Asker: 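What follows is a single structure, and I will ask about it in a moment.
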Amino acid sequence: GADARDIAAVVGELRDIDVLATQIVPAVAAAMPNEASLVLLQAELSRLQSQVRSDVTVRLSGDRIMSFLLRLGRLTEAPKWRKAAKSLPATSIAAQALEDNWRRANKWGQNINDLSVPDRHSMRKVLKKLRYQVEAFADFYPDSKTKPFIKKLKKIQGVFGYLNDVAMAEKLSDLALPHGDNADRVGNAIEIVLAWHTQRSDHEWHKAKRAWRSLEQTGKFWAISNQ
């Protein structure tokens with residue numbers, strides 16, 4: 001609903017600035033320690049990070065958001081949810097859920113060589129959901145089957161997560177930059193950061209393709225276990 005979307009948007013805003021301040025820019029600063037403009041950019045991001053965090057805290061403490069969280073809690077306790085959960089064997093529910101999400105991921109994976117940036121983002125979200133399900137249902141299957149799959153799934157998620165963060169780094173250009181003498185230097189630092197990560201992302205995308213092929217070859221442990 002609208003409340004859930006609002007929460008996601010508010011928290012997403014904080015997550016974006018945190019990634020920029022703690023991962024995207026520091027990676028370049030570590031690779032280019034003599035570039036003084038990057039220090040100025042990091043200082044600006046730190047200032048904006050504190051500002052956004054304070055704003056998010058206020059917005060999430062509002063009556064509307066608290067009311068939504070209470071409604072959500074009551075929904076999970078509804079009898080119809082508990083009844084539905086008991087209507088089928090747990091392993092059958094697990095296998096069907098895993099298979100459904102695998103099909104969604106595989107739909108993107110079969111065209112991985114041609115995925116656009118928005119497509120990559122969509123595949124990343126499907127893989128994220130698949131990871132949550134695999135870990136939630138892992139106890140229903142032997143470790144020897146689940147651990148290799150989870151290891152390879154984590155690897156491809158790491159690559160997709162980085163690529164998503166690089167795409168999000170374009171938001172650096174939209175930040176409220178300082179005025180005066182430092183404005184040009186901070187702007188130059190942003191250009192350096194974007195260029196550095198763009199070059200690295202080309203290499204990482206090739207790794208994503210290899211990681212997907214490796215995950216495919218691992219096999220669907222939920223299907224094997226049910227044969």
Side-chain angles (χ1 to χ4, degrees), residues 4 8 11-12 14-16 18-20 22-28 30-31 76 81-82 84-169 196-227:
V11 175
L14 178 58
R15 189 262 178 193
D16 288 351
D18 280 345
V19 169
L20 291 173
T22 64
Q23 298 178 38
I24 295 296
V25 174
V28 184
T76 61
W81 284 83
R82 295 197 296 270
K86 296 177 181 179
S87 62
L88 290 171
T91 51
S92 296
I93 296 173
Q96 186 60 60
L98 291 166
E99 183 64 22
D100 287 347
N101 255 320
W102 173 258
R103 287 174 181 170
R104 295 187 185 98
N106 193 49
K107 179 180 178 181
W108 294 111
Q110 293 306 306
N111 299 292
I112 196 167
N113 291 326
D114 303 314
L115 296 184
S116 65
V117 172
D119 290 340
R120 297 176 192 179
H121 180 61
S122 295
M123 185 173 180
R124 182 189 68 85
K125 291 192 293 185
V126 173
L127 290 171
K128 184 178 181 180
K129 187 173 182 180
L130 179 62
R131 163 90 176 276
Y132 288 153
Q133 289 185 330
V134 168
E135 293 183 336
F137 297 133
D139 288 344
F140 297 147
Y141 303 94
D143 287 348
S144 61
K145 301 295 184 183
T146 60
K147 286 186 175 181
F149 189 92
I150 292 174
K151 181 178 180 180
K152 293 185 177 183
L153 183 54
K154 285 181 177 179
K155 183 175 182 179
I156 190 172
Q157 270 194 290
V159 178
F160 269 86
Y162 169 72
L163 293 171
N164 182 68
D165 290 343
V166 171
M168 183 271 296
W196 191 89
H197 280 290
T198 297
Q199 183 177 23
R200 183 185 171 197
S201 66
D202 291 338
H203 174 69
E204 291 295 310
W205 180 235
H206 289 294
K207 288 171 60 177
K209 296 177 184 178
R210 293 195 299 271
W212 170 252
R213 302 306 179 203
S214 179
L215 182 64
E216 276 188 310
Q217 293 168 5
T218 304
K220 302 182 292 185
F221 62 84
W222 58 92
I224 297 171
S225 300
N226 288 330
Q227 290 178 353

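Being a predicted model, the structure only gives us computed values, none of them experimental.
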Asker: If we count only N and O atoms by modelled type, under 3.5 Å, do the side chains of S122 and D119 hold a donor and an acceptor together?
Answerer: no
Asker: Is there a side-chain contact between I156 and K207, using heavy atoms and a 4.5 Å cut-off?
Answerer: no
Asker: Pairs of donor and acceptor atoms involving the side chains of residues 147-155, under 3.5 Å and at least two apart or interchain, shall be tabulated with distances.
Answerer:
unit_1 : atom_1 : unit_2 : atom_2 : d
K152   : NZ     : S214   : OG     : 3.2
K152   : NZ     : T218   : OG1    : 3.2

Asker: List in chain and number order the residues that pass side chain to side chain donor-acceptor pair (under 3.5 Å) with Q23, two or more places apart in sequence or in another chain; answer none if no residue qualifies.
Answerer: none
Asker: Counting C-beta onward and ignoring hydrogens, is there a side-chain heavy-atom pair between W212 and N106 closer than 4.5 Å?
Answerer: yes
Asker: I'd like to check the side chain to side chain donor-acceptor pair (under 3.5 Å) partners of R15; sequence neighbours left out, ordered by chain and number.
Answerer: D165
Asker: Less than 4.5 Å apart, any side-chain heavy atom of W196 and any of V25?
Answerer: no
Asker: A side-chain contact here means heavy atoms from C-beta on lying under 4.5 Å apart; do V166 and E204 qualify?
Answerer: no
Asker: Scan residues 129-140 for pairs that pass salt bridge (Lys or Arg N to Asp or Glu O under 4.0 Å), counting only residues two or more places apart or in two chains.
Answerer: R131-E135
Asker: Side chains of Q157 and K128: does their closest heavy-atom pair fall under 4.5 Å?
Answerer: yes
Asker: Just to verify, what does W205 make a ring pair (Phe, Tyr, Trp, His ring centres under 6.0 Å) with, not counting sequence neighbours?
Answerer: F160
Asker: Please list, chain by chain and in numerical order, all residues satisfying side chain to side chain donor-acceptor pair (under 3.5 Å) with R104, sequence neighbours excluded.
Answerer: N101
Asker: Report yes if some heavy atom in the side chain of R200 is under 4.5 Å from a heavy atom in the side chain of Y162; otherwise report no.
Answerer: yes
Asker: What's the separation between atom OG in S92 and atom CH2 in W222, rounded to the nearest 0.5 Å?
Answerer: 15.0 Å
Asker: Check whether H121 reaches the backbone of N164 with its side chain - one donor and one acceptor, N or O, closer than 3.5 Å.
Answerer: no
Asker: Are any non-hydrogen side-chain atoms of V126 and W102 less than 4.5 angstrom apart?
Answerer: no
Asker: If you take all heavy atoms of K209 and I112, which pair is closest and at what distance?
Answerer: CA-CD1, 3.9 Å
Asker: Are any non-hydrogen side-chain atoms of F137 and T146 less than 4.5 angstrom apart?
Answerer: no
Asker: Can you tell me how far CG of L98 sits from CD of Q96, rounded to the nearest 0.5 angstrom?
Answerer: 9.5 Å
Asker: If I compare all heavy atoms of A208 with all of V159, which pair ends up nearest, and what's the gap?
Answerer: CB-CG1, 3.5 Å
Asker: What is the minimum heavy-atom distance between H197 and A27, and which atoms define it?
Answerer: CE1-CB, 4.2 Å
